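One-based numbering, in listed order, for ligands and for the atoms of each. Since the structure is predicted, the reported quantities are computational estimates derived from the model, not experimental observations.
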Amino acid sequence: MLTHPVAKGPLPDRFRALWDEITPIGRDEDSGGYLRYALTEPELRLREWFRQQADARGLPVTEDGNGNLFAWWGHRDAGNAVLTGSHFDSVPHGGAYDGPLGIVSAFLAIDELRAADVTPDRPVVVAAFVEEEGARFGVPCLGSRLLTGALDVGRAAALRDPHGVSFAEALGDRPTGAVPELLGRLGSFVELHVEQGRVLVDRDAPVAVASAIWPHGRWRFDFTGEGNHAGTTRMADRRDPMLTYAFTVLAANKEARLRDAHATVGRVAVEPNATNAIPSRVTGWLDARAAEPETLTGLVEAVHGKVTERARRDGTVVTMTEESVTPLVAFDGGLAGRLAGLLAVPVLPTGAGHDAGVLAAHVPTAMLFVRNPTGVSHSPAESATDIDCAAGVTALATVLEELACR
Ligand SMILES: [Zn+2]
């Protein structure tokens, strides 16, 4: 038996102790949020921490050539491995829990199982997926998409960050792409994640099992007009793309509310971006999500139709480009039901994308959510109590034992 941290003392305290090892990494002192972009210095430090944690537990670490890390408890050649884990990277000024909670909980869950003298029949594997948020190279779930072959290797290699560094350069090599021999060895994947909404607060429950991920996508709207002087151009003579852009934001909000869907314009670029100039060009990115694919399509079509009409009146030109669309992910219903029964917790859908959504097309996949008292995510206000995080670890340990031993 290899040495490993001894699970002594209350679990919430052990969670806090391990958690505090990474809380300073990549934190912006002013916002309190995190800047943990994939393969940048803070994320590389977190990856090093991952290796140390695996090492301390005697878990050999492998890489898949795409930037994803795997720590193995049990023999790598054995089949039906139970994969768990999440991601380290953050959105700009994101919260502490989105991603890392799933990795920290995975190591602690292994400690719990070992303390209870559980020896899995099948390997339990802790994963750290690279570039889940897409905040550096623009494609979310980049690592899991490469691993599963859902993304072309050439396209991934050529993706560039805002400084012009390509993914291949950041990785130090061209990514490998699909790794069928690894996928073929997986029997299931369970990703634990902080909840990114308030359902568990309303349900008064610390943990839930996910049923589905809403279909969602990103659309780029390019508005062009005529750049001109803010002081001398008569209002009637203007062709101001900012007006059409502003209308788009309002239209997206309205159309989403009408459908119980979600629409957000959280990113905008303006040229020339000067206070005293009518813009010549505005680019806005729409993020839209809905419970059903038809609702999502209807929402985006309605926004596009209204905006096209508005552009005619503004004398501007608008083009809409679909940047990515992720279909509805219904997690393995049998697995979700089995785990929800095992843990006696609620089952709920989510509007947020995850690596679990990508893996679900290849491996029976489930997700556990841990309550977030603020309900806020992708923001420094995201949180979870140590007691709830400990409940998450306990739930994950129960699930890993169920999947790896029964
Ligand atoms: Zn996440």
Could you tell me which non-hydrogen atom of [X] sits nearest to which non-hydrogen atom of [Y], and how far apart they are?
| X | Y | result |
| --- | --- | --- |
| Glu382 | Asp98 | OE2-N, 2.8 Å |
| Asn66 | Thr176 | OD1-N, 3.1 Å |
| Leu359 | Ser144 | CD2-CB, 3.7 Å |

| request: Report yes if the distance between the aromatic ring centroids of Phe50 and Phe107 is under 6.0 Å, otherwise no. | output: yes

| said: Can you confirm whether or not the ring centre of His262 sits under 6.0 Å from the ring centre of Trp214? | reply: yes

| query | Which count of protein N, O or S atoms is obtained for distances strictly below 2.8 Å from the Zn ion (ligand 1)? | reply | 3

| task | State whether a side-chain donor-acceptor pair under 3.5 Å links Asp161 with His163. | result | no

